[in-house]
Amino acid sequence: MSILTLSFTTVLVLIALSISKTQKIHLEKDIIIGVIRATLQLSLIGIVLTYIFKVDNWIITTVILLLMIFNASQIAAKRGGQIKDTKKTAYVSIFLGASITIAILVITGAISYSPSEVIPVSGMIVGNSMVALGLTFKQLNNNFKNKYQEVEIKLALGATEKTASIDLIRDAIRTGMQPSVDSMQTLGIVQLPGMMTGLILAGQSPVLAIRYQIMVTFMLISTVSIATFSGALITYKRYFNARKQLNRSMI
Amino acid sequence: MINVEDISVARNHQTILKEITLSFKEGEFINIMGPSGSGKSTFLKLLNGLESFNGGVIRYDGRDILEIDPIDLRREVGYVFQVPYLFGEKVRENIEYPIKLGKLELDEDYVTEMLTSLNLKKEILDKKCKDLSGGEQQRISLLRSLMLRPKVLLLDEITSSLDPINTKLVEEFIKDIYKKYHITIILVTHSVEQAKRMGSRTVFFKEGTVFMDSTTEEFFSHQQKDFIKEFIES
């Protein structure tokens, strides 16, 4: 695709702008900023990735991976409201999910630990974990606010903090994982995912593209489950104090 | 059995309880009364470790409760909340929950006996929680708290949302188990009439302090302090 051809596709943005304007949705400014940011950010990362792929150094690759996790954890933590240390929790959880998944992919030979393979794969798993973890934090917070009476009754009956809040924890993990599970179930029927579409558009055979997509699907569900499980299990403890009482400032 | 010495509780720079000192003997049946916001429920939660305090000591059977694992304490000091929150789908789950926590065997005879005393049929255990009336829910929540056979039972306005028939049923049940199992009972109530019918001792809270501590008979005699007279007559 030439730059000229690409520039013609801006017509598509004009459609979105005209809908926003005529229907008084008032998103024109955000759409324009979004288009500019997406173009600049992607162009910049294109240059950076070209350099990183060329250097092919595992230390630089790892630093990039850690930076991606750092950025994702900052955003996921925003959904945690007043929960303490969500940034740390998010970092640990996404790191755990991403590192286990990448390790399995590298050990099984599905990918090699080279920047051209690890960075795109990490982008997908870290991004998905970020969204899933954000949902988990938000749901856990809502659950504790809405169901603190149930938790307190269970504590009063002699339950441990974990036993008293296990239903709330499970629900929060389920909420975080649900979009990934739904998306997995509709693959190929409702949606043709980005990676597969990209490979086919770039001239790869659909069979190879599908093979990669299946790997991507498996790694996404694995990372999301590890990250949400870890995030919820670390976070629920913040709702209790050392005397196994509900932390009232949190609810 | 329970000694509360100089207990104070403050939240967000606001005093809820101030230098409370009270003793409860084993086998006593105590009413706790007082206006809304006087700290009654907070006080009750302190006794089974659901709330923390800022100063003072609470001793249970001579031991500082801060040295007792809160889980062990809560299994001996039962608590029934004002709102009968039943969890899970079936009523049975609520009855079995404390038993499973304590890794005990369900004593079917005990459950049957309790259900009969509560004027409930055994079939209720297989009903869905949401199908129960308010009165049935509160009776099940009472039974749930009794499954671990606590030595002390804390009751926080448990009949405030019940009709007179259910209130009478619950009151009779509490008096029955008090006589039969010699449980120490501390009942928070707003109802003057209920207090007369229930505990032999009445503690009156006002603005986070103990305003009066006497026998129930003396409490309702004609020599009360003006504030209590006003409270009783309101």
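Residue numbers begin at 1 in each chain, while the letters A, B, ... track the order of the sequences.
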Examine whether an atom of B:Lys100 lies under 4.5 Å from a heavy atom of chain A, and if so say whether it belongs to the side chain, the backbone or both; otherwise answer neither. neither
Cut-off 4.5 Å, heavy atoms of chain A, and the answer for B:Leu148 is side chain
Can you say whether B:Val80 sits under 4.5 Å from chain A via the side chain, the backbone, both, or neither, judging by heavy atoms? neither
Quick one: do B:Arg201 and B:Glu28 satisfy side chain to side chain contact (heavy atoms under 4.5 Å, CB included)? Show the steps, please. CA-CA 8 Å; B:Arg201 175 180 162 195; B:Glu28 258 196 304; 3.0 Å; yes
Using the ring of B:Phe87 (Phe, Tyr or Trp, six-membered ring only), decide whether A:Lys154 places NZ or CZ under 6.0 Å from its centre and within 45 degrees of its axis. yes
May I ask you to decide if the ring planes of B:Tyr110 and B:Tyr181 are parallel, tilted or perpendicular, using 30° and 60° as cut-offs? perpendicular
Part of A:Thr160 lying under 4.5 Å from any heavy atom of chain B: both
Contact class of B:Tyr97 relative to chain A, heavy atoms under 4.5 angstrom: side chain
Pick one of side chain, backbone, both or neither for B:Ile68, based on which atoms fall under 4.5 Å of a heavy atom in chain A. backbone
Would you please classify the geometry between the A:Tyr91 ring and the A:Phe95 ring as parallel, tilted or perpendicular, with 30° and 60° separating the classes? parallel
With only heavy atoms counted, which part of B:Glu51 is less than 4.5 Å from chain A, the side chain, the backbone, both or neither? both
When you check the side-chain N and O atoms of A:Tyr239 and A:Glu161, is any donor under 3.5 Å from an acceptor? no
Heavy-atom proximity to chain A below 4.5 Å, by part of B:Leu66: both
